[in-house]
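Let me begin by presenting the structure, written as structure tokens, before commenting on it.
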Amino acid sequence: MSLLKVNQVESLDIVTTDIVVKGKDVKFEGANVFLNGSPIAMAAPANYKLVKTLGDLPVPVGSVITLQDNYTYQISGTINLGTNRIQLGVSNTIFGQDKSDDKLIYTGTGNMFTSGGNDFSFRNFLIYCPSGTVFNCVGLSTTLTQIQNCIFYQSQNIGTFDTGKLVAISENYFSNSKELTILGTVEHVIIYDNNIDDVTSGTVLSIPSGTYVSILISRNHVHITSSGVMFNISNALTITSGALTHNTLVGNGTYLTGLLKSNVSWLILANKGIASSNSSAFMIMDSNAVSTAIGVIGTFVKLLGTTILQSGERFTMPVSNRLTYIGELPITAKVIITGNVLCATTTQSAAFRISKNGASPIIPETETRITAANQAFPFSFCLSIDMVQNDYIELWITNQTALNALTVRDLQILIED
């Protein structure tokens with residue numbers, strides 16, 4: 001259908017193609033331009049190839065199609081590669097206009113794509129690899145890999161990305177497609193906004209080993225219909241910062257294995273079916289007999305005695321009566337302290353405060369009257385404290401009455417974000 005017809009015009013300038021027509025009949029039909037009924041040859045973009053048939057790709061050599069360096073390939077329609085593997089060249093882009101109609105099909109049992117350490121970008125087309133492995137890509141420290149808005153259909157083995165600067169996989173639809181593995185030394189891994197549907201078995205994403213600056217796995221929808229593992233992430237990765245957040249996980253199988261929510265290098269938050277990261281600790285003192293000397297009446301000093309860390313996530317106890325926060329994000333910690341205190345002398349007043357980073361103890365404080373010698377009297381109080389990484393708290397004590405030493409026999413301190 002003609003979209004535009006100009007008859008006997010004096011002048012027509014089309015800036016994008018630098019066409020100037022005087023007194024001519026011009027028609028635009030789709031991507032074609034006709035002048036007085038004859039097609040006008042339009043110069044193709046540099047380093048661009050429209051692929052409508054297998055013959056539009058480079059000729060296979062030994063069942064390997066090696067793409068030209070720095071070329072962009074547009075997939076138009078269904079291209080059946082047969083058992084031919086695609087070896088990506090330097091900085092290739094492969095894209096389609098309609099990811100339901102523009103398809104690459106591989107019927108072999110080997111690798112569909114290998115990269116040779118080259119950058120590449122895929123977007124907006126369908127990949128069908130029912131019997132082989134889609135990717136076997138070993139990169140360099142500078143390799144950039146971007147896969148966006150594609151469909152992976154019935155591809156049982158997505159394959160491996162080993163080493164690179166960036167692996168970004170976003171806004172794709174995986175239909176009964178799984179077994180994506182990332183390993184090696186990769187600076188940044190970004191996997192977000194993908195719809196992973198109808199997985200019946202196996203593992204969706206594995207990160208078994210490697211060294212990373214950052215990993216972001218976020219806002220993915222994963223549906224396993226029968227059994228399998230959604231995320232298998234080693235707890236022993238060398239990583240600066242990881243985030244597993246806001247993923248919607250439905251169906252059967254195991255949602256997360258390997259990675260522990262207590263791992264201080266990771267933030268695990270708001271994933272349906274996976275426990276979130278927590279900053280908490282529980283420290284106790286049981287039947288303590290060590291007394292704390294008081295040098296100045298009313299002046300607080302650190303409580304002495306041996307404490308035990310019963311549990312801790314993002315908190316450690318490097319020495320007795322000290323809880324150190326090791327998480328990356330700032331928190332407002334709620335602290336609850338309970339215990340009992342005794343003195344060898346009657347009619348004493350014991351006071352307690354929390355000290356942050358060894359500084360002057362923080363208000364509020366609590367005070368307990370000791371009305372019988374060598375008898376334990378209870379005390380308790382609570383407060384909230386803003387903490388950043390490596391901040392620590394301790395319980396400090398003083399005698400408001402005299403210089404008599406005090407002994408906290410039993411103590412419980414609970415801290416959590």
Side-chain angles (χ1 to χ4, degrees), residues 160-161 167 169 178-192 194 196 199 202-222 224 227-284 307-318 322-335 387-393 413-417:
T160 300
F161 295 95
V167 176
I169 302 172
K178 58 192 178 183
E179 303 296 345
L180 168 62
T181 300
I182 298 173
L183 47 80
T185 300
V186 184
E187 192 165 331
H188 303 292
V189 176
I190 303 173
I191 301 174
Y192 72 96
N194 297 287
I196 304 165
V199 177
T203 301
V204 173
L205 171 65
S206 296
I207 308 179
S209 60
T211 300
Y212 307 86
V213 174
S214 67
I215 298 176
L216 172 65
I217 305 169
S218 185
R219 301 193 314 186
N220 300 286
H221 176 275
V222 184
I224 293 181
S227 64
V229 177
M230 295 189 181
F231 302 125
N232 182 2
I233 303 171
S234 171
N235 197 55
L237 300 178
T238 301
I239 181 171
T240 303
S241 180
L244 180 68
T245 67
H246 299 90
N247 296 285
T248 302
L249 312 173
V250 296
N252 302 311
T254 302
Y255 289 2
L256 175 65
T257 185
L259 182 63
L260 302 178
K261 68 185 183 74
S262 58
N263 190 315
V264 296
S265 297
W266 282 83
L267 174 65
I268 303 175
L269 180 67
N271 303 286
K272 184 179 183 296
I274 297 177
S276 293
S277 300
N278 186 32
S279 300
S280 65
F282 183 48
M283 181 176 70
I284 68 168
T307 56
I308 301 169
L309 184 63
Q310 293 286 86
S311 63
E313 291 190 19
R314 290 172 170 76
F315 278 92
T316 62
M317 190 189 75
R322 178 177 294 180
L323 290 173
T324 301
Y325 175 61
I326 58 174
E328 292 187 346
L329 299 178
I331 62 171
T332 299
K334 301 163 211 35
V335 188
M387 303 185 76
V388 297
Q389 192 173 49
N390 297 321
D391 280 349
Y392 65 87
I393 63 167
I413 298 180
L414 174 65
I415 184 170
E416 59 183 2
D417 181 15

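Numbering starts at 1 and runs along the sequence shown. Since we're looking at a predicted model, the values are computed, not measured.
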message = With heavy-atom distances below 4.5 Å as the criterion, would you say the side chains of Asn247 and Val222 are in contact?
response = no

inquiry  = Tell me every residue that passes salt bridge (charged side-chain N to carboxylate O under 4.0 Å, His left out) with Glu179, counting only those two or more places apart in sequence or in another chain.
reply    = none

key: Minimum side-chain heavy-atom gap Leu237-Trp266 below 4.5 Å   = yes

ask   = Are Ser209 and Ser234 linked by a side-chain donor-acceptor pair shorter than 3.5 Å?
value = no

task = Using a 4.5 Å cut-off on heavy atoms from C-beta on, say whether the side chain of Ile169 contacts that of Leu180.
result = yes

query = Is there a donor-acceptor contact under 3.5 Å from the side chain of Asn271 to the main chain of Leu244?
reply = yes

ask   = Is the closest side-chain heavy-atom distance between Phe161 and Val189 below 4.5 Å?
value = no

ask   = In Å and rounded to the nearest 0.5 Å, what is the CG to OG distance from Leu183 to Ser206?
value = 9.5 Å

ask   = At what distance, to the nearest 0.5 angstrom, does CZ of Phe282 lie from CD1 of Ile415?
value = 13.0 Å

ask   = Does a side-chain heavy-atom distance below 4.5 Å link Asn220 with Val204?
value = no

request  = Taking side chain to side chain contact (heavy atoms under 4.5 Å, CB included) as the test, write out the residues that go with Pro330, two or more places apart.
outcome  = Val388

query = Hey, is CZ on Arg219 packed in by over 12 heavy atoms from elsewhere, all under 6.0 Å?
reply = no

task = Report yes if the side chains of Ser280 and Phe315 come closer than 4.5 Å at any heavy-atom pair, otherwise no.
result = no

